[in-house]
Participant: 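Following this message is one structure expressed as structure tokens.
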Number of protein chains: 2
Amino acid sequence: MREKELRRSMSVLPIGTVMKLTDLTARQIRYYEQQDLIKPLRNEGNRRMYSLNDVDRLLEIKDYLDDGLNISGIKEVYKKQSQLEDERKRNLEKGLTDSDVRKILQDEFLNIGGLKPPSSSFDDPNNLNKLNH
Amino acid sequence: MREKELRRSMSVLPIGTVMKLTDLTARQIRYYEQQDLIKPLRNEGNRRMYSLNDVDRLLEIKDYLDDGLNISGIKEVYKKQSQLEDERKRNLEKGLTDSDVRKILQDEFLNIGGLKPPSSSFDDPNNLNKLNH
DNA sequence: TAGTGAATGTTATATTTTATGACATCAGTT
DNA sequence: AACTGATGTCATAAAATATAACATTCACTA
């Protein structure tokens with residue numbers, strides 16, 4: 001499903017839509033960007049344009065904040081996450097099978113710990129209901 | 001996949017995004033709406049908000065126009081289409097199996113004919129590339 | 001307790017985007 | 001040539017967004 005990933009990464013949503021989908025204020029969304037938690041693209045007129053992946057991440061951020069993490073903590077989580085992803089890529093390039101990699105990743109998770117996977121986005125129909133009145 | 005359909009029908013895209021995704025001008029998009037080919041919702045500020053389904057339909061409309069149909073013809077196509085959908089629903093309500101309905105629909109298509117299924121949307125990477133510069 | 005900082009609210013100003021309506025153009029038809 | 005359908009273009013008004021500054025709230029702590 002390469003196609004699907006493409007669509008999820010397309011920057012097509014203005015901040016107003018993202019506000020409704022996430023129930024965050026523009027202030028919050030811009031602040032999280034300033035803290036390097038998200039990096040929306042800009043259109044020709046300098047307006048921020050968000051992808052569905054951005055929305056997912058914002059919902060994650062909300063969950064983490066609700067869980068008592070602060071911005072620094074969330075940044076740390078994402079740093080670890082991308083470290084793991086990088087290592088996975090390196091392993092795949094070295095010719096390891098996918099299930100090999102899965103085993104390695106499991107070990108890493110066990111050793112590091114504390115990386116609760118946040119609840120997946122779009123679980124909550126409320127976010128949908130808030131659209132268009 | 002009820003969830004997916006929900007997302008595809010959510011009105012989240014402003015007209016500027018739709019212009020890029022479809023390579024249509026705002027004038028064209030509003031004109032097709034005026035001709036009742038699409039019915040985007042409006043947000044609190046009266047701005048048109050489009051769904052991915054709307055984008056699909058606009059790409060269909062473009063294909064039909066390229067094929068030489070005029071607006072009236074396209075309207076006719078969609079009228080037939082919704083008639084078929086209605087009949088399908090009625091049949092399902094009457095307790096027919098899904099495969100029964102499929103057979104009936106096949107017959108109908110054969111009898112009516114000329115209803116070329118338009119190329120599915122998002123086939124063309126060009127539409128994606130036009131986003132954000 | 002006063003002070004500090006993180007997260008967010010609020011307000012003002014400038015720019016961009018969109019809506020609407022009118023008039024113009026252009027190709028195809030009669 | 002006149003007519004029509006589809007689209008372009010322009011003017012005007014309103015809505016949405018960007019940016020920056022200042023305010024507030026709350027938890028923590030010296």
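Proteins get letters first, then strands, A, B, ... in listed order; numbering begins at 1 in each.
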Participant: Could you tell me how far apart A:K62 (NZ) and C:dT8 (C1') are, to the nearest whole angstrom?
Facilitator: 14 Å
Participant: Compare side-chain N and O positions of B:N70 against OP1 and OP2 of C:dG28 and report whether any pair is under 4.0 Å apart.
Facilitator: no
Participant: So which nucleotide from C:dA19, C:dT17, D:dA16 ends up closest to the side chain of A:N43?
Facilitator: C:dT17
Participant: Does B:N46 make a side-chain N or O approach to OP1 or OP2 of C:dT20 shorter than 4.0 Å?
Facilitator: yes
Participant: How close do A:L58 and A:I29 get, counting heavy atoms only, and between which atoms?
Facilitator: CD1-CG2, 4.2 Å
Participant: Run the numbers on B:R42 and B:N46 for side-chain hydrogen bond (donor to acceptor under 3.5 Å, both in side chains), then give the verdict.
Facilitator: CA-CA 5 Å; B:R42 303 287 183 119; B:N46 198 36; 3.1 Å; yes
Participant: Side-chain N or O of A:S72 less than 4.0 angstrom from OP1 or OP2 on C:dA6?
Facilitator: no
Participant: For A:G16 and A:R27, take the nucleotide of DNA chain D holding the closest heavy atom to each; which residue's nucleotide lies nearer the 5' end?
Facilitator: A:G16
Participant: In whole angstrom, what separates A:L37's CG from C:dA7's P?
Facilitator: 9 Å
Participant: Quick one: does B:K75's side chain have a donor or acceptor within less than 3.5 Å of a partner on B:D36's backbone?
Facilitator: no
Participant: Starting from P on D:dA15, measure out to NZ on A:K20 and report it in whole angstrom.
Facilitator: 14 Å
Participant: Kindly say whether, by distance alone, the side chain of B:R30 makes a donor-acceptor pair under 3.5 Å with the base of C:dT20?
Facilitator: no
Participant: Starting at atom CZ of B:R48, determine the distance to atom P of D:dA14, rounded to an integer number of angstrom.
Facilitator: 17 Å
Participant: Rounded to whole Å, please give me the gap between CD1 in A:I71 and P in C:dT8.
Facilitator: 6 Å
Participant: Expressed as a whole number of angstroms, how long is the span from A:Q28:CD to C:dA6:C1'?
Facilitator: 13 Å
Participant: Between B:D67 and B:Y64 (side chain of the first, backbone of the second, donor and acceptor by atom type, cut-off under 3.5 Å), is there such a pair?
Facilitator: no
Participant: For B:E33 and D:dA6, give me the distance from atom CD to atom C1', rounded to whole Å.
Facilitator: 16 Å
Participant: Taking the side chain from A:T17 and the backbone from B:V12, do they hold a donor-acceptor pair closer than 3.5 Å?
Facilitator: yes
Participant: Rounded to the nearest Å, what distance is computed from the CE atom of residue A:M49 to the P atom of nucleotide D:dT17?
Facilitator: 9 Å
Participant: Among D:dT17, D:dA15, C:dT8, which nucleotide has an atom closest to any side-chain atom of B:R47?
Facilitator: D:dA15
Participant: With a 4.0 Å cutoff (strictly under), does any side-chain N or O of A:Y31 reach OP1 or OP2 of C:dT8?
Facilitator: no
